[in-house]
Amino acid sequence: MKAVGYKKSLPIEDADSLIDFETAKPEPQGRDIRVAVKAISANPVDYKVRKRAAPPDGETKILGYDAAGVVDAVGPDVTLFKPGDEVFYAGSILRQGTNAEFHLVDERIVGNKPKSLSFAQGAALPLTSITAWELLFDRLGAVPGKSVDPRTLLITGGAGGVGSILIQLARRLTGLTVLATATRPESQKWCLDRGAHAVIDHGKPMKEQIDKLKLPPVALVASLTFTDQHYKAIADFMAPQGKFGLIDDPPEFAMSTFKGKAISVHWESMFTRSSFQTPDMIAQHHLLNDVADLIDKGVLRTTLDQTFGTINAANLKRAHALLESGKSRGKIVLEGW
């Protein structure tokens, strides 16, 4: 089968940073399903792993986590899917990735692809939807249901992949006031189009902008990017006893900043359940099916922004480069071989 991978951690400009190669088609065991990959999307975790985790000498590591495709074969213990089913999912960080024609994934972290979406549109959603859902409901404890919630949720970096779906989830499924941050006018419009009640510029002092909006108190924060640059300012205007959630890897982060206000700090990693085989691992299967149902009912919509052509090393290099620039919006998808 065709695949895209890397042998050494190299800058994306290097000719060998990502390479096209061929490898054996994997065989499903246990609860694995084998998926014929039709479309994939790129995420910041792809380039972070490429930069930091070189494979052992002589091996080629396949990146990629998001995928949409068709079940091709199943392991002997599979009960949730059968060959021919259309699925979407974000795989495990401990296994070979989705940048391959065929991919093995545990059925417990796979959902049925939304019927109303193409494979490309579906591939944009899994990793960011799981991250946003777990962050909003499992970590920050937001209450599902449209009853009025007298609190504001601040989402920093609202136009990125996670922010684009988190805005929708918070606006459509809770009674929270949703405040996003974005610096460029087109990114601010993107956030408003996805349901944010208001948008501020995180490149300028945030407290003054928030004070002018007269919103309910900022009690919940989803810090999606550059946490180290913003968390001290955010702690200053957050409501006491609030909840601060983050998903990035800040080089500097002092949790004691939040002590005076008894603000709790919550980490979100959507790979935790699959990496540690947690008893509730199947929650991601149910979560993705819920997202698919909400998509098909018109409550949520795909966060696909750009398609970069077929799945190959050259196009994936373009995707990695754009993600590394910090100027991407929504999701970048590649489709077909």
Side-chain angles (χ1 to χ4, degrees), residues 1-78 87 89-110 123 126-127 249 251 269-277 281 308-325 332-337:
M1 66 173 184
K2 294 179 182 177
V4 180
Y6 69 106
K7 294 179 180 293
K8 295 180 180 179
S9 293
L10 297 167
I12 197 60
E13 299 82 12
D14 192 288
D16 293 327
S17 59
L18 292 170
I19 58 171
D20 296 303
F21 73 109
E22 293 206 351
T23 187
K25 186 188 297 187
E27 294 299 326
Q29 307 292 328
R31 298 194 71 171
D32 283 343
I33 60 174
R34 187 171 67 198
V35 177
V37 175
K38 302 298 183 184
I40 57 104
S41 75
N43 292 282
V45 66
D46 294 69
Y47 75 74
K48 290 176 182 178
V49 172
R50 193 197 83 243
K51 284 182 168 183
R52 301 173 189 171
D57 284 346
E59 296 185 18
T60 306
K61 184 174 179 62
I62 302 171
L63 291 171
Y65 303 98
D66 276 333
V70 179
V71 177
D72 166 72
V74 301
D77 301 327
V78 168
V87 296
Y89 61 93
S92 166
I93 202 164
L94 301 180
R95 307 181 70 174
Q96 288 284 45
T98 57
N99 297 343
E101 281 189 281
F102 295 91
H103 182 249
L104 295 184
V105 61
D106 190 300
E107 64 172 347
R108 289 170 290 179
I109 59 173
V110 178
L127 186 146
D249 307 291
S269 170
M270 57 77 55
F271 293 119
T272 297
R273 281 171 161 145
S274 57
S275 293
F276 293 94
Q277 300 280 300
M281 184 170 157
F308 273 22
T310 55
I311 305 167
N312 60 40
N315 288 335
L316 275 165
K317 285 178 186 177
R318 291 170 54 216
H320 279 228
L322 181 54
L323 288 170
E324 289 184 48
S325 76
I332 304 163
V333 170
L334 290 77
E335 182 178 21
W337 295 92

Taking the six-membered ring for Trp, are Tyr65 and His103 ring centroids under 6.0 Å apart? no
Shortest non-hydrogen contact from Ala67 to Val37? CB-CG1, 4.4 Å
Can you tell me how far the CD1 atom of Ile93 sits from the OG atom of Ser269, to the nearest 0.5 Å? 7.0 Å
Judged by atom type as modelled, is there a donor-acceptor pair below 3.5 Å linking the side chain of Thr310 to the main-chain atoms of Trp337? no
Does the side chain of Val4 come within less than 4.5 Å of Lys317's, by heavy atoms? no
Return the minimal non-hydrogen interatomic distance between Ser41 and Val333, and the atom names on each side. CB-CG2, 3.8 Å
I need the minimum non-hydrogen distance between Arg95 and Lys61, along with the two atoms involved. O-NZ, 4.5 Å
Please check if the number of heavy atoms outside Lys48 that lie under 6.0 Å from its NZ is greater than 12. yes
Find the distance between CZ (Arg108) and CD (Gln277) and round it off to the nearest 0.5 Å. 5.0 Å
Matching residue for Leu316 among Ile332, Leu63, Ile40 - test: side-chain contact (heavy atoms from CB on, under 4.5 Å): Ile40
Apply side chain to side chain contact (heavy atoms under 4.5 Å, CB included) to Lys8 and Asp16, showing your working. CA-CA 8 Å; Lys8 295 180 180 179; Asp16 293 327; over 6 Å; no
Could you walk me through whether Asp249 and Arg52 pass the side chain to side chain contact (heavy atoms under 4.5 Å, CB included) check? CA-CA 13 Å; Asp249 307 291; Arg52 301 173 189 171; 3.8 Å; yes
Can you tell if the side chain of Phe271 reaches within under 4.5 Å of the side chain of Ser92, non-hydrogen atoms only? no
May I ask you to decide if Asn43's main-chain N or O and Asp46's side chain share a donor-acceptor pair within less than 3.5 Å? yes
Search all heavy atoms of Asn312 against all heavy atoms of Asn315 and return the closest pair with its distance. OD1-N, 2.8 Å
Do Tyr89 and Ile109 come within less than 4.5 Å of each other through their side chains, counting heavy atoms only? no
Between Lys2 and Glu101 (salt bridge meaning N to carboxylate O under 4.0 Å), is one present in this structure? no
Verify, without hydrogens or angle tests, whether Gln96 (side chain) and Pro26 (backbone) share a donor-acceptor contact under 3.5 angstrom. no
I'd like to know if Asp72 pairs up with Arg34 as an ion pair, taking the criterion as any Lys NZ or Arg NE/NH1/NH2 lying under 4.0 Å from an Asp or Glu carboxylate oxygen. yes
Check whether any side-chain heavy atom of Val45 lies under 4.5 Å from a side-chain heavy atom of Leu127, and answer yes or no. yes
Separation between CD1 of Ile19 and CG of Leu10, rounded to the nearest 0.5 Å: 10.0 Å
Within a strict 4.5 Å, meaning less than it, do heavy atoms of the Val78 and Asp32 side chains meet? no
Supply the atom-to-atom distance Lys7 NZ to Thr60 OG1, rounded to the nearest 0.5 angstrom. 3.0 Å
Do side-chain atoms of Ser275 reach the backbone of Thr272 as a donor and acceptor pair under 3.5 angstrom? no
Any side-chain heavy atom of Val87 within less than 4.5 Å of one from Val70? no
Side chains of Lys51 and Ser9: do they bring a donor and an acceptor to under 3.5 Å? no
Any idea which heavy atoms bring Ile62 and Ala3 closest together, and the distance? CD1-CB, 3.9 Å
Minimal heavy-atom distance between Val105 and Gly91, with the atoms involved, is CG2-CA, 4.3 Å
So, taking the atom named CG in Leu94 and the one named CZ in Phe276, what distance separates them when rounded to the nearest 0.5 Å? 8.0 Å
Tyr6 six-ring centre to Arg50 NZ/CZ under 6.0 Å and within 45° of normal: no
Is there side-chain contact between Leu104 and Ile33, with heavy atoms separated by less than 4.5 Å? no
Validation row: His320, Leu18 side chains within 4.5 angstrom (heavy atoms): yes
